[in-house]
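Data block below; observations after.
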Amino acid sequence: MTLIPIDEAQRRLFALAKALGTETVAITAAAGRYAAEPIVARRTQPAADLSAMDGYAIRFDDLPGPWWQIGESAAGRPFAGEVGAGETVRIFTGAAMPAGADTVMIQEEVAADGAAIALVGAGPATRGRNTRRKGLDFATGVTLVEPGQRITPARLAVAITGGAIEAVVRRKVRVAIVSTGDELVAPGMVTDGLSLPESNSPMLGAMLADLPVEIVQLGILPDDLATLTDAFRRVDADLLVTTGGASVGDHDLVRPALEAAGGSIDFWRIALRPGKPMMAGRLGDAMMLGLPGNPVSAFVTALLFVRPLVAHLGGARDPFPTTTHAILGEDLPANNARTDYLRAELRPGPAGIRAYASTIQDSSMLRTLARSNCLVIRPANAPAARAGDAADILVIA
Ligand SMILES: Nc1nc2c(c(=O)[nH]1)N[C@H]1C(S)=C(S)[C@@H](COP(=O)(O)OP(=O)(O)OC[C@H]3O[C@@H](n4cnc5c(N)ncnc54)[C@H](O)[C@@H]3O)O[C@H]1N2
Ligand code: MOO
């Protein structure tokens with residue numbers, strides 16, 4: 001049985017994907033979406049030289065004073081006149097610098113006796129101190145958000161400050177989630193028998209919640225070919241994600257049901273632990289990802305395939321999770337031909353922060369997943385690693 005390397009599987013998955021259409025949304029509703037067109041500044045920020053502090057606007061050449069106050073400039077209410085030799089204007093943070101002035105003395109360093117103003121502290125050391133120059137942040141015409149960039153809270157704020165009214169974004173990805181298995185019962189249903197509360201669909205929904213998605217939870221389906229086939233035929237989504245029934249047992253019916261419903265599998269079985277039996281294909285206009293039922297396998301394949309595919313369909317330029325490095329706290333054995341994602345905890349110790357992998361890595365064990373804050377990546381055929389070696393990790397909490 002040939003197992004496909006992870007990067008090849010990701011490439012093949014993206015090759016199956018068709019780009020979704022775009023839509024124009026109000027900028028205030030664009031958070032979390034991926035820009036499909038650049039967002040360009042329609043104004044300069046700041047629009048004029050402004051004060052960065054509460055104090056007094058002066059001509060730097062007039063230091064060390066004294067000065068005579070001739071007016072006031074507040075944010076949104078500028079001083080109309082001009083500051084001449086020996087003159088000052090009371091000014092507040094965000095207010096326009098009056099003509100003639102180039103520097104601000106902070107009020108903590110000033111003694112005011114009516115309009116007579118004297119410096120009592122060190123005073124501004126350089127011309128322009130405590131001011132913000134026009135265009136310091138950006139000028140009209142600058143690209144504030146690039147196509148394929150996610151509209152994060154900070155990008156939302158900069159786009160609005162740049163005068164954006166609308167954003168052109170890719171439409172939301174409609175994701176249908178199905179869990180399969182005769183043993184599964186709805187969350188909250190605890191029975192005496194061998195039934196198991198279904199946790200994969202809520203977990204997957206939560207893992208996608210920050211992406212531009214509309215999630216349709218199709219619930220629990222039994223291990224029955226006709227029921228699964230019928231449900232798959234009626235799927236109306238951009239992506240169908242199933243969990244369970246992905247392996248080779250007599251009751252693993254996702255693949256035959258998909259094919260009976262008119263779909264096709266492009267690849268099946270990845271050189272990955274956990275998550276080997278994942279399959280990918282198409283069902284009419286929809287993409288399909290069949291995740292293994294073991295909860296940790298579903299988590300890891302969701303991280304490596306479902307989230308990147310949703311981000312890709314949603315218009316992301318960088319859809320893959322960012323790996324970073326950590327120092328191992330303990331020795332790890334050599335790996336075999338499947339890339340391993342080990343549940344691990346990054347925690348501080350006498351030698352600094354180190355990653356400690358759980359001793360048992362059984363893919364059914366959710367408690368070890370819930371305790372972990374990273375996955376240590378062990379490449380296929382990696383030699384044994386020693387405590388103190390660096391390893392690639394994915395931060396998960
Ligand atoms: N002979 C072989 N057996 C298995 C192989 C193999 O290569 N040859 N692969 C193993 C691997 S690896 C995995 S992973 C599992 C995946 O199997 P399935 O995708 O068919 O998953 P199920 O059998 O349906 O379930 C596995 C396990 O997970 C529990 N489960 C399923 N769905 C949920 C859910 N929604 N919420 C919570 N828990 C769920 C289920 O009860 C099972 O315990 O196959 C190995 N076998
Ligand atoms: O790959 Mo399975 O996903 O070992 O548990």
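The figures here come from the full heavy-atom set of this structure, side chains too, leaving out hydrogens, waters and symmetry mates.
Between V83 and E87, the closest heavy-atom pair is CG1-O, 3.1 Å. Nearest heavy atoms, P308 versus L303: CD-O, 3.2 Å. Residues A57 and V104 share a closest heavy-atom pair of CA-CG2, 4.3 Å. When all heavy atoms of A30 and I151 are compared, the pair lying nearest together is O-CB, 3.5 Å. Closest approach of T229 to A260, counting heavy atoms only: CG2-CB, 3.6 Å. Among all heavy-atom pairs drawn from L13 and F305, the shortest one is CD2-O, 3.9 Å.
Every side chain to side chain contact (heavy atoms under 4.5 Å, CB included) that P256 has, sequence neighbours left out, goes to L225, L253. Under the side-chain hydrogen bond (donor to acceptor under 3.5 Å, both in side chains) criterion, R12 pairs with D266, sequence neighbours left out. Qualifying side chain to side chain contact (heavy atoms under 4.5 Å, CB included) partners for D182, counting only residues two or more places apart in sequence or in other chains: P222, D223. For M53, the side chain to side chain contact (heavy atoms under 4.5 Å, CB included) test picks out I106, N130, with sequence neighbours left out. Contacts of A112 classified as side chain to side chain contact (heavy atoms under 4.5 Å, CB included), with partners at least two apart in sequence or in another chain: Y56, I117. Remark: F267 pairs with no residue by the ring pair (Phe, Tyr, Trp, His ring centres under 6.0 Å) rule, at least two apart or across chains.
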As a quick check of understanding, evaluate side-chain contact (heavy atoms from CB on, under 4.5 Å) for D340 and Q361, giving each step before the final call. CA-CA 10 Å; D340 220 340; Q361 293 283 333; 5.9 Å; no
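Using a 4.5 Å heavy-atom threshold, the side chains of I4 and R269 count as separate. By the 4.5 Å heavy-atom criterion applied to side chains, L204 and V175 are not counted as neighbours. Considering only heavy atoms from C-beta on, T161 comes within 4.5 Å of R43 through its side chain. Contact check for R150 versus P212: side-chain heavy atoms found under the 4.5 Å cut-off. The shortest side-chain heavy-atom distance between V89 and I70 falls under the 4.5 Å cut-off. Put simply, the side chain of T88 does not reach to within 4.5 Å of the side chain of V110, judged on heavy atoms. Side-chain contact check for I39 versus I27: some heavy-atom pair is nearer than 4.5 Å. The shortest side-chain heavy-atom distance between F79 and I91 does not fall under the 4.5 Å cut-off.
No continuous path of ILVMFWY side-chain contacts below 4.5 Å connects M279 to V310, so the two sit in separate hydrophobic clusters.
A salt bridge does not link R132 to D137: none of the charged side-chain nitrogens sits closer than 4.0 Å to a carboxylate oxygen. K134 and D49 are not joined by a salt bridge, as no carboxylate oxygen comes within less than 4.0 angstrom of a charged side-chain nitrogen.
Within 6.0 Å of atom CG in D210, more than 12 heavy atoms from other residues, nucleotides or ligands are found, so the atom counts as buried in its surroundings. By the 6.0 Å contact criterion, CZ on R371 is enclosed, its count of non-hydrogen atoms from other residues, nucleotides or ligands being greater than 12. With a 6.0 Å radius and a threshold of 12 heavy atoms from other residues, nucleotides or ligands, R347 has its CZ atom above the threshold.
Looking only at atom types and distance, the side chain of N294 has no donor-acceptor partner in the side chain of S364 under 3.5 Å away.
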Please tabulate, for side-chain N and O atoms in residues 348-356, each donor-acceptor pair with protein atoms closer than 3.5 Å (sequence neighbours left out).
unit_1: R354; atom_1: NH1; unit_2: A351; atom_2: O; d: 3.2
unit_1: R354; atom_1: NH2; unit_2: A351; atom_2: O; d: 3.3

When the side chains of residues 311-334 are checked against the rest of the protein, which donor-acceptor pairs come out under 3.5 Å, sequence neighbours left out?
unit_1: R317; atom_1: NH1; unit_2: E146; atom_2: OE1; d: 2.8
unit_1: H325; atom_1: ND1; unit_2: D392; atom_2: OD1; d: 3.0
unit_1: D331; atom_1: OD1; unit_2: A387; atom_2: N; d: 2.8

Just list the side-chain donor-acceptor pairs under 3.5 Å for residues 240-247, sequence neighbours left out, or say none.
unit_1: T243; atom_1: OG1; unit_2: N200; atom_2: ND2; d: 3.2

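Side-chain contacts under 4.5 Å among hydrophobic residues (ILVMFWY), followed directly or transitively, place I165 with no other residue at all.
At distances below 3.5 Å, at least one donor-acceptor pair connects side-chain atoms of R378 with backbone N or O atoms of P383.
To the nearest 0.5 Å, atom CG of residue L283 and atom CG of residue L239 are 10.5 Å apart. Rounded to the nearest 0.5 Å, atoms OG (S201) and CG (L218) are 9.0 Å apart.
For residues 57-66, every residue pair satisfying the side-chain hydrogen bond (donor to acceptor under 3.5 Å, both in side chains) rule, not counting sequence neighbours, is listed here: R59-D62, D61-R127. Among residues at least two apart or in separate chains, there is no side-chain hydrogen bond (donor to acceptor under 3.5 Å, both in side chains) pair with a member in residues 64-75.
Residue D238 forms a salt bridge (charged side-chain N to carboxylate O under 4.0 Å, His left out) with just one option from R170, K172, R171, and that option is R171.
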